[in-house]
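Okay, structure first, notes after.
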Amino acid sequence: MATRIIPADWIKNWEKSGKHEFVQLCKNLAYKTNHDSTIKDIQAALYELCWHVIQGNFKLDLSASVLCDMMDLRDDMPSILADVFSILDIETSSLEEKNKRDHYTQLVGACLFFVPDAILKERLDPETLESLGLIKQAHQFNQKIVKIKTKLFYKQQKFNLLREENEGYAKLITELGQDLSGNITSHIVLESIKSLIGCFNLDPNRVLDIILEVYECRSDQDEFFLPLIKSYMCEPLTLCHILGFKFKFNQEPNEETPTSLYHIAAALLHHNLIELEDIYVHLMPLDASIVEEHKREITEAKQIARKLTMVVVPSEKTEDKEREKEEEKNDKAPDNQKLGLLEALLRIGDWHHAQSIMDQMPAFYATSHKAVALALCQLLHLTVEPLYRRSGVPKGAKGCLLRPLRNKRAPRPAESFEDLRRDVFSMLCYLGPHLSHDPILFAKIVRLGKGFMKEYQSEGRNDNVKDKMDTLLSCFLSIADQVLLPSLSLMECNACMSEELWGLFKLFPYQHSLGLTIKSESHSIDRGKCIGCKMRLTKENVKPSGRQIGKLSHSNPTILFDYILSQIQWYDNLIGPVVDSLKYLTSLNYDVMAYCIIEALANPEKEKMKHDDTTISSWLQSLASLCGAVFRKYPIELAGLLQYVTNTLKAGKSFDLLILKEVVQKMAGIEITDEMTSEQMEAMTGGEQLKAEGGYFGQIRNTKKSSQRLKDALLDHDLALPLCLLMAQQRNGVVFLEGGEKHLKLVGKLYDQCHDTLVQFGGFLASNLSTEDYIKRVPSIDILCNQFHTPHDAAFFLSRPMYGHQILSKYDELKKAEKSNRQQQKVHKYVAACELVMSPVHEAVVSLHPPRVWDDLRPQFYATFWSLTMYDLAVPHNAYDREVKKLQVQVKAIEENPDPMNKKKKEKERCTALQEKLQEEEKKQLEHVQRVLHRLKLEKDNWLLAKSTKNETITKFLQLCLFPRCIFSAIDAVYCARFVELVHQQKTPNFCTLLCYDRVFSDIIYTVASCTENESRRYGRFLCCMLETVTRWHSDRAVYEKECGNYPGFLTIFRATGFDGGNKADQLDYENFRHVVHKWHYKLTKASVHCLETGEYTHIRNILIVLTKILPCYPKVLNLGQALECRVHKICLEEKEKRPDLYALAMGYSGQLKGRKAHMVPENEFHHKEQPVRSATPVSQQNGPGTTTKPANRAKDKYQGAAKPVNKANSTPAHKRDDKEKSGKEKKEKKEKTPGNTLETKGESRREKQRDERGAGGKEERAPREGKEKTPKADRDKQKAEEKNSKEDNKAKAGNGEPKEPSRERDTGAKESKSKEKGGDRSAMSGSLKSPVPRLESAESERDHKRRKLETHSSPSHSSSVKVILTHGSVVWNPLPKP
């Protein structure tokens, strides 16, 4: 064997140094602190030394002497050496070399004098002992050993049994049952027990059994019996066998294991007197049986849940089976000893062993038994008591003090939240939903959670503490998820616990609380009760049904709410009763309700469009209405719903904006509708109080609290600005991204919904957010447009309130800095405040448009237009007076009401306070408007630069300012019209009012065609307001002279240099203005008929909406109204079956148009048409190119006869037109055979006539023959007379040097007039429509306009015209002289 510790040199040089080295090695090993390693190392050293002797390498006497010296190093050295000899004995006995065996025997013999014989006899083999002379014969020695072992281990000792000799056992029982209150100790009693065993020869096992029996009867004496058993017992297995026999005895049928037996078993386990593995095998039932029972219970529960959703027809067989099952259930279940032991362990606080037992069973099986759950709850009470007293007890609560366990081995009580991680959280996880058995403990855990959240939300923590707190937060969230919510579902109706839990949940971030709400779903509700209650809910029984709903919802809200929501999606008339019946819910149930609504909205199986793909589904509209009503009436957390809407917008979907629209409308009382009356529109131009009183259809009262909740939710979760930006971006997304293949009607509705919600939401923020909150959240205009890509109109809409807030704040600062009551100084301070606030805005807007834009418009003008509102321009005195009078009437009605005085007094005070508020608001707005108008008066000279033509200036103003804003909202439409009037009234340099109005009215086809339905309403309102101004000027010469006579906006000569002449002759006179107004009416008629004849759904719908809006001001001329009436009547006939919505619009407009017919006047009353007898001006100049002159009465006849207008555009040779008309007739006869009188809208311009010549417009031509056949004789005679007169006029023209081409045109026109008096789309209009083609409809291109070629702006008049001549450096409006 190789030497590992003793080198060979030591053996060779033993005398010199080897002995010394060996002795030193053994001493070092002996003094080592590690006992086990020391013995092994010493044994190895001795073994090697002895092995050298056996091999003959070392002398025997030297080895014996050194081994003798080693005996003094340790007391157990003889035993260690004997172990070495024992190993060598085994090894040498198997060797073939006898000399090595002899060397071994000699070595052991040399050591006999210092190694005891007894030790060697224990360790060495009998043959070796015999060779050493320690025993005589090995054979006899072996026999003796066998006899001794048999006597010790196999011979049964006979004791006196209890039934044979009971005196000793009686004395034993007396000894154990004595009073232990004195100085009796377990040691004294143990000595007595030993004496009794020896005296009466008692069986020790039976004595142990009797000790356990007495302990069982006196289970409260743990401190006495446990030390006694520990001192008496020799082996744990013996004790386990005895306890196992006791448990086995109680496993018989109809036997019940006593609680005291569980207690002593638990106590013995707790003090480690027995092992759990040893006693567990004696308990029943088996683990496999427990698992099978658990699976069976789960299956039965699922079957019961499935039956609740099925209709089962009862039968005799099923009834018998159910009876048998009930009988089986009534049979007493066998006693579960494992659960009994578990309960006992929990009672004494042995959580370690209890946890081991529960791990052997299915999850929550043990705690599903009430006794076990209550025992664990009691242990939890004791564990959390100190921490609860410190951090969980509410103010004013006393509580009941708990006595701690006397068991020092029980879980340590928690002193801090960190201590909860030691045992409490794991106990709660094992307890699970069965915490419901102890509501008090439930409340304690919830309150501890509240206390922790207060510490968690406090500031000033370092990173280490923060990590620990985050870990604890995740633990509390897990407990809320796995324990608290399921326990609440299993509790009987307990609103207090629900409110306690909600108090904890609302401290969590809403993402976590919403996630916890998702987990609260439970499927144990009696669905039949839920359905029955819901089916009985009506308006009449809201209160009792609401209470029933409240009870059902306390424990299992999700199924109830899912069912209610499913019914509401089908029957929207249930919304009112359901909302009223929810007043008995708890706060937590309201939160669950919000989650259920979000889940219903996000249901992927539901289509949000109807099958026709043109309208939003009714179920979504019903849920939106419910959201608005529920969230307004009850304090429900809004963050989840708002975040859902935000997420859908981020995903590019705008359907769910309907939800936000309803919520804002109901909670804040802000309506968005374009169907406002004039009184409402007037009220909307006032302050917030006037808006609330007279600006909305439904007077929504008491919105202060609900709007505050909505504002808080938006600000707390930073959703205000993201929602605005997403809605602003989504408007274009609806068209270009979301639209896709959707129906155009649906795309328009979605766009309108997105836009209206943006306006409504922005209005809510502007009226509810404080100045600081608004300014802090809304970035500057350049960041909004350039960085967030917000459209300019939306960006200014969001920024506008901020500018107002900032100006007022700065104005107040300046007033405080220098106190002065003079009005003039206040105005100057206001102007200074505006300059300070708006100067950065003027710089910021420059980046929004190309540099060439600012050649005509100043950034100051652009920013001023977009930053002002109607509140800044005018005070609605009539609206204020109207609302004050209403309140005064209410006060009188209250005084006459026989109600109690207290109630009358409160109502009267409310009305009086509102009156005072309105009057104060009116006064405040009046001062504000005066300041704004003064500011505008100072700014106006720098608004328009007019570096190019005024036409270009007006174009940019319309493109960048007027048109985008007039369709933004109804109040903005009014604002745009009033702003144009204000700019005119301010006598703004370089602003041509006449040109602006002309551009607005001249061609509305493209604008109308590109609008959505709501935009059409706003555009119509804008046109109506513009027409109101024009009509006011048109109706009275004095008004016109006062408001337009000396104003630069009505100059007929203006130059590109910016100089405006002040000559009276340069102004447009009143009569020529009336002609221009008639031309505008004509252009509106032409555009309207064009849209009506296109057949396009959008064109027809939009123009009907616009016409309905402008009905108070248009049409005013009888023949134009008749033309419109005929075309709308045709729409009614065509669309009645095809498109009912267009039919409804057309019928509505037709009825209103007929009602307005009494207010229409003939054309000669609308503007002067007298033909002068002599004129210095040629006729062609008076009437414009291509026109002829007729007497007024003849023109009137032509109006009513709907004659064909003739102008320069009709200069096509007659034979070509006849060919076109023949082909047109053939096409028309295939489609319809009943021609009607319609307005001529196509072929009026040269461009359209050329298109007709190319054949592109062939479908719009109609044949004249049928009309000729059906023309009455009287009309034909009238036409012949007119033809004759026209020939005479042409001769007169020729005599004056005029070309004869117009004569041919007139002949052609006369022929067409004969053939088309009643027919076709190219039939009749009045004689007044023979005026020259307007500039915007001429065949000249925009490039020609810019090159400033000759253009003609003329009234459709037969007596005079207004010509616009673009000359070098100036534009001349040249009214023709009168006779």
Side-chain angles (χ1 to χ4, degrees), residues 247-248 250-257 259 262 276 279-346 354-377 428-437 482-483 485-492 519-529 555-556 558-559:
F247 280 112
K248 186 69 175 176
N250 290 291
Q251 291 170 4
E252 299 296 329
N254 300 324
E255 290 289 338
E256 184 175 353
T257 306
T259 308
Y262 291 129
L276 179 61
I279 191 63
Y280 193 77
V281 296
H282 295 284
L283 305 178
M284 294 296 287
L286 299 175
D287 288 346
S289 303
I290 291 175
V291 173
E292 291 178 4
E293 179 189 354
H294 178 70
K295 290 181 179 179
R296 185 171 62 254
E297 290 177 352
I298 294 295
T299 305
E300 291 177 358
K302 289 181 179 179
Q303 290 177 353
I304 292 172
R306 195 179 300 114
K307 286 180 181 179
L308 291 175
T309 60
M310 298 169 57
V311 179
V312 181
V313 180
S315 63
E316 293 182 0
K317 291 182 179 180
T318 55
E319 289 177 358
D320 293 340
K321 288 181 180 179
E322 289 178 359
R323 243 185 253 112
E324 290 176 1
K325 288 182 179 179
E326 289 179 1
E327 291 175 358
E328 290 177 2
K329 288 181 181 178
N330 291 333
D331 291 342
K332 190 173 181 179
D335 190 23
N336 193 322
Q337 295 176 339
K338 294 179 180 178
L339 294 179
L341 178 60
L342 174 61
E343 179 188 354
L345 288 168
L346 293 172
Q355 188 177 4
S356 300
I357 293 178
M358 284 192 283
D359 289 337
Q360 304 293 326
M361 300 177 181
F364 305 123
Y365 173 81
T367 51
S368 64
H369 294 77
K370 186 175 181 179
V372 177
L374 290 175
L376 183 52
C377 289
L428 287 171
C429 290
Y430 277 99
L431 185 58
H434 305 290
L435 179 60
S436 57
H437 293 299
Q482 301 173 19
V483 181
L485 278 170
S487 299
L488 185 67
S489 295
L490 292 179
M491 277 186 191
E492 295 183 1
K519 304 291 185 179
S520 68
E521 293 195 41
S522 175
H523 302 283
S524 60
I525 192 171
D526 190 340
R527 190 175 177 83
K529 288 183 181 179
S555 300
N556 302 280
T558 48
I559 289 182

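Heavy-atom basis, side chains included; hydrogens, waters and symmetry copies ignored. Source: prediction; values computed, not measured.
- Considering all non-hydrogen atoms of both residues, S487 and P433 come closest at OG-O, 3.0 Å.
- Residues passing the side-chain hydrogen bond (donor to acceptor under 3.5 Å, both in side chains) test with Q482: none are found, sequence neighbours excluded.
- Note that NZ of K338 and CD1 of I279 are 11.5 Å apart. Values are rounded to the nearest 0.5 Å.
- Rounded to the nearest 0.5 angstrom, H294 NE2 and S368 OG are separated by 8.0 Å.
- Rounding to the nearest 0.5 angstrom, the gap separating the CD1 atom in I290 from the CE atom in M284 is 9.5 Å.
- Distance check, rounded to the nearest 0.5 Å: NZ of K248 to CD of Q251 gives 5.0 Å.
- Considering every non-hydrogen atom in both G432 and V483, the closest pair reads O-CG1, 3.4 Å.
- Using a distance-only test at 3.5 Å, with no hydrogens or angles considered, no donor-acceptor pair links the side chain of Q337 to the main chain of T257.
- Atoms CD1 and OG1, from I304 and T299 in turn, are 11.0 Å apart once rounded to the nearest 0.5 Å.
- Between L376 atom CG and L435 atom CG the span is 9.0 Å, to the nearest 0.5 Å.
- V372 is listed as a side-chain neighbour of L346, based on a closest heavy-atom distance under 4.5 Å.
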Tabulate below the donor-acceptor pairs under 3.5 Å that side-chain atoms of residues 356-365 make, not counting sequence neighbours, or state none.
unit_1 : atom_1 : unit_2 : atom_2 : d
S356   : OG     : H352   : O      : 3.1
D359   : OD1    : Y430   : OH     : 2.5
Y365   : OH     : E293   : OE1    : 3.0

